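Keep in mind the model is a prediction, meaning the values are calculated, not measured.
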Amino acid sequence: SPQDREAMINTMVAGLDEKLRQNPRDTEGWMRLVRSYVVLGKTRQAREARGRAIPVFGAGSDAAKKLTAFAASLGPTATE
């Protein structure tokens with residue numbers, strides 16, 4: 001059912017979020033997480049995830065710039 005599918009997706013996204021708390025130096029993981037939250041319509045969580053990721057790499061780093069550009073490419077909801 002759609003509810004089961006949504007619950008499964010939410011569980012997967014929560015698992016990825018937790019994995020990134022344990023091992024934050026994963027640029028691709030952060031991009032997947034931000035995109036997942038945007039797709040799920042969870043814009044606040046998308047912004048929070050980006051906000052947690054940037055300090056891991058340092059604000060001026062290539063990874064931080066890549067994440068910021070990626071979030072911007074998903075639309076204003078990920079960066080507002």
Side-chain angles (χ1 to χ4, degrees):
S1 76
Q3 286 94 345
D4 290 344
R5 189 164 164 264
E6 190 176 331
M8 191 180 77
I9 292 167
N10 283 326
T11 300
M12 283 168 46
V13 172
L16 177 58
D17 192 304
E18 184 54 37
K19 205 171 91 178
L20 287 164
R21 287 181 192 277
Q22 307 299 324
N23 179 24
R25 295 194 68 79
D26 177 1
T27 314
E28 298 298 319
W30 285 112
M31 289 164 68
R32 278 202 312 277
L33 185 63
V34 170
R35 183 177 59 225
S36 298
Y37 281 138
V38 169
V39 168
L40 293 170
K42 298 183 173 187
T43 54
R44 184 175 56 79
Q45 287 96 324
R47 288 194 301 272
E48 283 174 2
R50 189 182 62 101
R52 281 176 19 223
I54 301 300
V56 169
F57 301 102
S61 67
D62 287 344
K65 289 176 190 162
K66 186 177 176 183
L67 276 161
T68 301
F70 176 76
S73 77
L74 297 173
T77 52
T79 53
E80 276 164 8

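- Side-chain contact check for Leu20 versus Asp26: some heavy-atom pair is nearer than 4.5 Å.
- When the side chains of ILVMFWY residues are joined at heavy-atom separations under 4.5 Å, either directly or via intervening members, Ile9 and Leu33 end up in a single hydrophobic cluster.
- Between the CZ atom of Arg21 and the CG atom of Asn23 there is a distance of 13.5 Å, given to the nearest 0.5 Å.
- To the nearest 0.5 Å, the span separating CD on Glu18 from CG on Leu16 amounts to 10.5 Å.
- In this structure, Met31 is not a member of the same hydrophobic cluster as Val39, with clusters built from ILVMFWY side-chain heavy atoms closer than 4.5 Å.
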Report, one line per pair, each donor and acceptor closer than 3.5 Å where one atom sits in a side chain of residues 54-67; sequence neighbours left out.
unit_1: Ser61; atom_1: OG; unit_2: Phe57; atom_2: O; d: 3.2
unit_1: Ser61; atom_1: OG; unit_2: Gly58; atom_2: O; d: 2.7
unit_1: Ser61; atom_1: OG; unit_2: Ala64; atom_2: N; d: 3.1
unit_1: Lys65; atom_1: NZ; unit_2: Gly60; atom_2: O; d: 3.4
unit_1: Lys66; atom_1: NZ; unit_2: Glu28; atom_2: OE2; d: 3.2

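- In terms of the salt bridge (Lys or Arg N to Asp or Glu O under 4.0 Å) criterion, residue partners of Glu48 (sequence neighbours excluded) are, by chain and number, Arg44.
- Rounding to the nearest 0.5 Å gives a distance of 14.0 Å between CZ of Arg52 and CZ of Arg47.
- In this structure, CZ on Phe70 lies 10.0 Å from CZ on Arg32, to the nearest 0.5 angstrom.
- The distance from the CZ atom of Arg5 to the CG atom of Asn10 is 11.0 Å, given to the nearest 0.5 Å.
- Closest of all the heavy-atom pairs between Arg50 and Val34 is N-CG2, 4.0 Å.
- Using a 4.5 Å cut-off on side-chain heavy atoms (C-beta onward), Asp17 and Val13 make no contact.
- The shortest side-chain heavy-atom distance between Asp4 and Met8 does not fall under the 4.5 Å cut-off.
- Residues Ala53 and Trp30 share a closest heavy-atom pair of CB-CD2, 3.4 Å.
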